[in-house]
Amino acid sequence: MLRRMMLALVLALAIPATAQAHFQMLYTPEIALNEGGEMVLKIVFTHPFDAGHTMDMGPVQEFYVLQQRGSEGEPKKVDLKQYLKEIKWKGHSNAAVAYEAVLPKTVVRSMGDYVFVLVPSPYLEKEEDAYIQQITKLVVNVGGVPGNWSAPVGLPAEIIPFDKPYANWAGGVFRGQVLSEGKPVEHAELEVEYLNHEPDMKANTFKEQAAVTAPHDSMMTMGVLANAQGEFTIGLAKAGWWGVCALGAGPEKEYQGKELSQDAVIWVKAFEMK
Amino acid sequence: MRVLLSMLFCVALLCSASLAFAHTPLCSCFDNGDGTVMCEGGFSDGSSASGVKMVVKDASGAVLEEGTMSEVSEFTFKKPAGDFTVHFEAGEGHAIIIKGSDIK
């Protein structure tokens with residue numbers, strides 16, 4: 001009886017930990033812009049559904065944007081590392097090292113797509129004694145002229161959107177494909193999480209009020225499998241932000257003698273149809 | 001035969017209509033801060049606005065400057081002193097007028 005009770009306790013403690021998913025956020029409030037201008041981005045490694053434990057980020061390896069107006073021509077690459085500034089971001093249980101980037105209006109000015117790419121340094125998850133590196137994309141559009149939103153950047157781990165990540169109605173779907181060094185990842189394992197607490201851009205924290213309540217832990221972080229071509233479809237049940245992460249999609253499996261999960265993350269925004 | 005022809009005509013009509021509506025003309029201008037204004041154009045399907053006629057008019061409608069969108073769908077002109085409008089003229093149903101006062 002005692003053993004059974006202990007087992008129940010262990011399970012109860014274990015479940016919340018497994019239900020949470022790490023997500024690299026690359027966030028700016030609006031990604032479907034009518035015109036360009038100064039842009040503020042927050043770069044936070046956290047658990048977006050419950051705004052819970054937030055992780056200290058290490059140095060950023062790469063941060064840049066690829067801009068393209070129209071379907072012809074080559075994307076223009078602008079390095080953005082010079083705009084990074086270390087900040088403290090407060091999750092609901094702790095504060096951690098994160099980054100902010102204030103981009104002058106010259107960066108996001110022209111019409112077209114802006115594919116932001118963040119390559120963080122691997123994060124040591126002590127509980128698992130393994131590293132996590134989430135290579136993250138955020139696609140912004142100015143003025144409605146599309147460009148390179150669906151073009152592969154050529155990252156080691158990458159999600160290619162089949163739907164514009166900035167142009168979705170709530171209730172619609174978002175489709176994509178998981179690539180590892182440009183090749184589809186067969187039956188890729190994905191995690192999907194809703195950004196349940198709106199980020200407070202001024203206070204560098206999440207708002208207290210949650211948008212939804214999950215009836216079950218499996219709906220905080222939703223597990224999705226891609227098909228044999230690495231393609232997947234998710235529903236966008238509610239307006240707001242949806243994070244999609246392909247676990248271990250990248251080719252690097254080891255970092256500093258420990259296991260590495262090189263993940264690909266993309267953020268999608270859905271708008272209320274009203 | 002006649003039915004078939006008229007059906008074909010209808011299909012053609014529907015197709016041309018959907019083609020016309022499938023892409024929206026888009027144009028945006030900004031003040032370069034050096035006495036010039038730059039306008040960019042394009043279409044919602046990603047196609048280029050290269051060659052589209054651009055006209056700058058004063059408040060009375062008199063033409064101040066005329067030109068076309070460049071190979072990279074851009075058009076730069078000297079910022080007029082008074083009120084003005086910029087006209088992106090990509091054909092019927094595909095015209096855009098931007099007020100000078102809205103250009104930042």
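Proteins get letters first, then strands, A, B, ... in listed order; numbering begins at 1 in each.
- By the neighbour-count criterion of 12 heavy atoms within 6.0 Å, atom CD of Gln82(A) is densely surrounded, having more than that number from other residues, nucleotides or ligands.
- To the nearest 0.5 Å, atom CE of residue Met111(A) and atom OG of residue Ser28(B) are 5.0 Å apart.
- Considering only residues two or more places apart in sequence or on other chains, Ser110(A) meets the side chain to side chain donor-acceptor pair (under 3.5 Å) condition with Glu40(B).
- By a heavy-atom distance cut of under 4.5 Å, Gly143(A), Gly144(A), Val145(A), Pro146(A) are the residues of residues 137-155 of chain A near chain B, going up by number.
- When all heavy atoms are compared, the tightest approach of Arg109(A) to Asp31(B) is NH1-O, 4.0 Å.
- Interatomic distance, CD of Glu72(A) versus OG of Ser47(B), reported as 7.5 Å (0.5 Å rounding).
- Only the side chain of Phe30(B) comes within contact range of chain A, with at least one heavy atom under 4.5 Å from a heavy atom of that chain.
- Atom NZ of Lys78(B) has 12 or fewer heavy atoms from other residues, nucleotides or ligands within 6.0 Å.
- Heavy-atom neighbours of Asp200(A) CG from other residues, nucleotides or ligands within 6.0 Å: above the threshold of 12.
- The number of heavy atoms from other shown groups lying within 6.0 Å of NZ (Lys164(A)) is above 12.
- Within residues 171-182 of chain A, no residue has any heavy atom closer than 4.5 Å to a heavy atom of chain B.
- Taking non-hydrogen atoms and a 4.5 Å limit, the residue list of residues 56-68 of chain B in contact with chain A is empty.
- Between Arg69(A) and Ser73(B), the shortest heavy-atom distance links the atoms NH2-O, 3.6 Å.
- By the 6.0 Å contact criterion, CD on Glu189(A) is open, its count of non-hydrogen atoms from other residues, nucleotides or ligands being 12 or less.
- Atom CG of Asn34(A) has 12 or fewer neighbouring heavy atoms from other residues, nucleotides or ligands inside a 6.0 Å radius.
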